[in-house]
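Every chain is numbered from 1, with letters handed out A, B, ... down the list of sequences.
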Amino acid sequence: MALAQAKQSATEERLAALTMPDAGCTRKAREAALARVREMGLPGRRDEYWKYTQPDTLISAQAPAAALFQNDEAPMFNEFDRLKIVFIDGVFSPEESDELSMEGVTIDRLEDICCKDIHWAKELYGVLEANGQTPVHRPLAALNTAFASDGVAIHVTGKPAKPISLIYRHASETSDAILHHVVRVESGAEVTILENGPAASRFNKCMEIDIADGGTLHHVRAQGRDHQRRAATHMFTRMGTESVYKSFTLTVNGVLTRNEQVVELTGDDAVVHVAGACVGDGEFHHDDTVFVTHDAVNCESRQVFKKVLRNGATGVFQGKILVKAGAQKTDGYQISQSLLLDEDSQFLAKPELEIYADDVACSHGSTSGAIDETALFYLRSRGVPTKEATDMLTLAFLAEAVQEIEDEALAEVIVTRLQDWLARRR
Amino acid sequence: MLEIKNLHVKLEEEDKQILKGVDLTVEAGKVHAIMGPNGSGKSTLSYVLSGRDGYEVTDGTATLEGEDLLEMEPEERAAAGVFLAFQYPVEIPGVGNMTFLRTAVNAQRKARGQEELSAADFLKEIRAKAKALKIDADMLKRPVNVGFSGGEKKRNEILQMAMLEPKLCILDETDSGLDVDAMKLVSEGVNALRDEGRGFLVITHYQRLLDHIKPDVVHIMADGRIVKSGGPELALEVEHNGYADILAEVN
């Protein structure tokens with residue numbers, strides 16, 4: 001079907017502002033992705049999948065400017081020994097980064113892959129993204145595949161001693177970054193990937209993750225706190241037999257964030273947990289869109305999303321569990337909750353289950369509520385001032401999502417940050 | 001210490017008068033018990049003194065050591081020395097009992113201009129006090145009152161009271177839901193806190209509790225007023241004859 005005129009011209013306008021990098025072995029994938037973008041068109045206000053989130057500023061030819069966030073805090077994850085890979089406004093910085101070598105893993109820059117005719121990442125680049133376009137279109141991810149200007153390919157073959165830490169610095173008020181990473185975790189390998197920072201004024205990030213049988217990936221990210229930054233991120237994860245993927249995302253501030261997670265459980269007995277905690281204040285729109293497909297027997301999936309919203313902030317959750325025919329003994333769980341600290345804030349949720357197998361356990365729940373007045377009085381009656389008591393209850397609310405992080409030290413860091421941010425307010 | 005004069009209170013939402021002129025003085029070092037039939041306003045009095053929302057004071061005063069309680073926020077009253085042991089202690093998932101207590105203790109110290117208690121000193125103190133109430137380390141770590149039995153919740157209230165060392169302790173039906181052994185334990189906890197500088201207001205339906213926590217004065221409350229006051233023998237009279245005789249006599 002031909003695209004509507006308005007959609008087509010918006011798409012072409014965006015494409016005209018972009019140049020495809022000299023692509024080497026990813027050229028074919030990029031060209032195919034560009035064809036997908038043209039076929040689907042970039043998201044518009046009328047698309048059902050974008051019903052609750054306005055995509056306009058994510059697809060405009062120029063990125064809206066975003067002021068840099070000045071603060072005196074130590075950068076996230078600073079306290080951990082890790083292998084640092086730094087991008088400034090979406091450009092890899094060799095000076096700031098550690099040497100990209102560690103036992104149990106090989107890391108290549110996308111640029112280097114592009115020069116090679118043969119590379120393992122060729123089998124992955126754009127492949128999981130393309131698979132993830134059905135049954136729902138994700139045109140911003142295809143746009144990313146076509147035009148990504150930087151990124152890394154991480155090949156995990158063992159159990160690296162340190163986490164791999166992707167750091168995204170924001171330096172220019174008008175930067176528009178497109179990064180694409182591919183990750184392959186081999187059979188029996190295990191790694192932790194950390195991500196943090198705002199990256200750019202507008203950030204389009206795509207990560208394709210292939211976890212082989214018995215592989216494990218822990219993934220913790222903290223999106224930057226620049227108030228005016230915008231981000232559209234996609235993570236496509238394919239999971240083999242007995243593989244484990246645990247993902248947690250912390251979002252505090254940012255005018256617009258759309259985080260899509262697409263997970264396909266293709267091997268039996270795999271376990272995936274995706275979780276997110278977000279705190280929004282004022283001009284803040286945060287959208288978690290999750291799609292988990294069970295296509296194997298006895299897999300477990302768990303989605304836990306918590307949002308604290310105040311001063312007119314908006315939170316969105318679109319979460320789906322699709323259980324294909326034959327995916328028996330599926331254990332699917334999904335919870336999305338918001339804590340609304342005032343009447344101006346809103347939470348829009350669309351939980352979905354689609355089940356074609358008859359021996360499964362799937363549950364989902366979604367709630368919106370204010371601070372529990374009885375609990376608040378109880379704390380105050382013990383002498384805890386109102387603001388501190390509210391923060392305690394807010395943190396307690398978010399804790400369920402943070403607890404999804406397996407590494408206690410990492411969870412502790414996230415909790416401490418949240419505590420501090422809640423106390424500071426902005 | 002606590003002086004309540006002609007206190008009139010109505011529910012904010014319904015136009016319903018609950019307290020209709022309560023006069024009560026609790027001296028430091030004394031235990032005052034309040035008994036009375038259901039709906040007489042006992043719990044309302046405890047909530048109004050601790051500052052819970054939803055009540056409107058239409059007349060009268062309540063002061064603690066001369067300070068106007070009714071003008072203060074709940075946390076200010078706590079810092080001034082008011083403590084309410086809840087009839088139904090609130091469960092707070094996600095907030096650890098120990099964290100909660102430490103925050104409360106230090107918030108009060110801060111409000112009074114005292115130095116905050118160090119983590120080590122706090123730990124030492126809470127361990128000793130918890131032990132006396134047979135509260136184990138696990139209960140201290142768990143979220144506030146979550147999954148606690150009725151008895152554990154009430155013991156936890158008394159632990160909070162012991163840690164916060166208030167001037168005025170209000171116990172709202174602390175005996176409800178307690179078995180004989182738990183009541184003894186809770187009472188011992190309360191008795192350990194009795195001293196010259198501290199006043200108690202013990203709200204109860206039953207004489208039983210007063211066997212363990214011996215009151216100096218017993219008040220009978222009915223229809224929003226204190227209708228009769230006397231010594232401990234008054235509680236025994238209620239236990240034997242119910243409220244009918246007393247109410248008939250007053251009317």
Side-chain angles (χ1 to χ4, degrees), chain A residues 248 250 275-279 304-308 335-339 341 365 367 369-405 408 411-412 414-423, chain B residues 46-55 72-97 99-112 114 116 143-146 153 156-157 159-161 163-166 168-170 172:
Chain A
F248 172 85
L250 173 71
C278 112
V279 179
V304 179
F305 288 88
K306 300 262 191 170
K307 297 178 202 277
V308 175
I335 182 89
S336 64
Q337 295 183 303
S338 75
L339 177 62
L341 294 179
T367 63
I371 284 276
D372 180 347
E373 288 295 331
T374 314
L376 187 64
F377 173 65
Y378 190 69
L379 293 175
R380 293 177 70 196
S381 78
R382 299 305 184 241
V384 184
T386 312
K387 193 186 156 298
E388 220 175 321
T390 306
D391 288 353
M392 276 179 99
L393 295 174
T394 304
L395 199 63
F397 169 81
L398 292 169
E400 200 193 335
V402 181
Q403 279 159 10
E404 294 293 319
I405 303 173
E408 282 180 15
E412 183 68 36
I414 300 277
V415 167
T416 309
R417 284 301 169 108
L418 277 167
Q419 215 161 10
D420 182 38
W421 293 338
L422 288 169
Chain B
S46 72
Y47 284 142
V48 169
L49 291 175
S50 54
R52 189 171 189 148
D53 278 350
Y55 301 96
M72 296 183 204
E73 295 295 328
E75 54 266 38
E76 293 169 339
R77 298 181 199 208
V82 176
F83 181 92
L84 168 65
F86 282 55
Q87 184 181 355
Y88 305 107
V90 182
E91 297 188 4
I92 311 182
V95 176
N97 212 8
T99 313
F100 158 59
L101 255 171
R102 191 164 163 228
T103 309
V105 167
N106 281 333
Q108 291 203 15
R109 293 178 75 97
K110 204 172 148 193
R112 290 195 289 260
Q114 297 166 328
E116 292 189 3
V144 181
N145 294 325
V146 177
K153 282 182 182 170
N156 199 30
E157 292 292 286
L159 174 65
Q160 292 170 34
M161 195 162 95
M163 288 302 294
L164 294 168
E165 300 179 333
L168 174 70
C169 305
I170 308 168
D172 187 8

Atom CD of Glu408(A) with >12 non-hydrogen neighbours under 6.0 angstrom: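 12 or below, so no.
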Best-contacting candidate, Glu373(A), Met392(A), Glu400(A), against chain B by heavy atom pairs under 4.5 angstrom: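 Of Glu373(A), Met392(A), Glu400(A), Met392(A) has the most heavy-atom pairs under 4.5 Å with chain B.
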So which of Asp372(A), Leu395(A), Thr386(A) has the largest heavy-atom pair count under 4.5 angstrom toward chain B?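 Highest number of pairs under 4.5 Å: Thr386(A).
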Testing the basics here: between [X] and [Y], what is the closest heavy-atom pair and its distance to 0.1 Å?
| X | Y | result |
| --- | --- | --- |
| Ala78(B) | Arg380(A) | CB-O, 4.1 Å |
| Ala85(B) | Arg382(A) | CA-NH2, 4.3 Å |
| Val384(A) | Glu75(B) | O-CB, 3.8 Å |

Structural part of [X] lying under 4.5 Å from a heavy atom of chain A:
| X | result |
| --- | --- |
| Pro143(B) | neither |
| Val105(B) | neither |
| Arg52(B) | both |

Contacting region of Leu379(A) [heavy-atom separation from chain B under 4.5 Å]: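 Backbone plus side chain of Leu379(A), per the 4.5 Å heavy-atom cut-off to chain B.
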Engaged part of Glu388(A) at the chain B interface, taking heavy atoms whose separation is under 4.5 Å: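 Answer is side chain: those atoms of Glu388(A) sit under 4.5 Å from chain B.
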With a 4.5 Å cut-off on heavy-atom pairs, point out which of Gly96(B), Ala107(B), Pro166(B) contacts chain A the most.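 So the answer, after comparing Gly96(B), Ala107(B), Pro166(B), is Ala107(B).
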Which distance, rounded to the nearest 0.5 Å, do you find between the CD of Glu157(B) and the OH of Tyr378(A)?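 Going from CD on Glu157(B) over to OH on Tyr378(A), the span is 3.5 Å.
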Going by the angle between their ring planes, with limits at 30° and 60°, are Tyr47(B) and Phe377(A) parallel, tilted or perpendicular?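 If you compare the ring of Tyr47(B) with that of Phe377(A), the planes turn out perpendicular.
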Contact between Thr374(A) and Tyr88(B) at the side-chain level, heavy atoms closer than 4.5 Å - yes or no?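 No, their side chains stay 4.5 Å or more apart.
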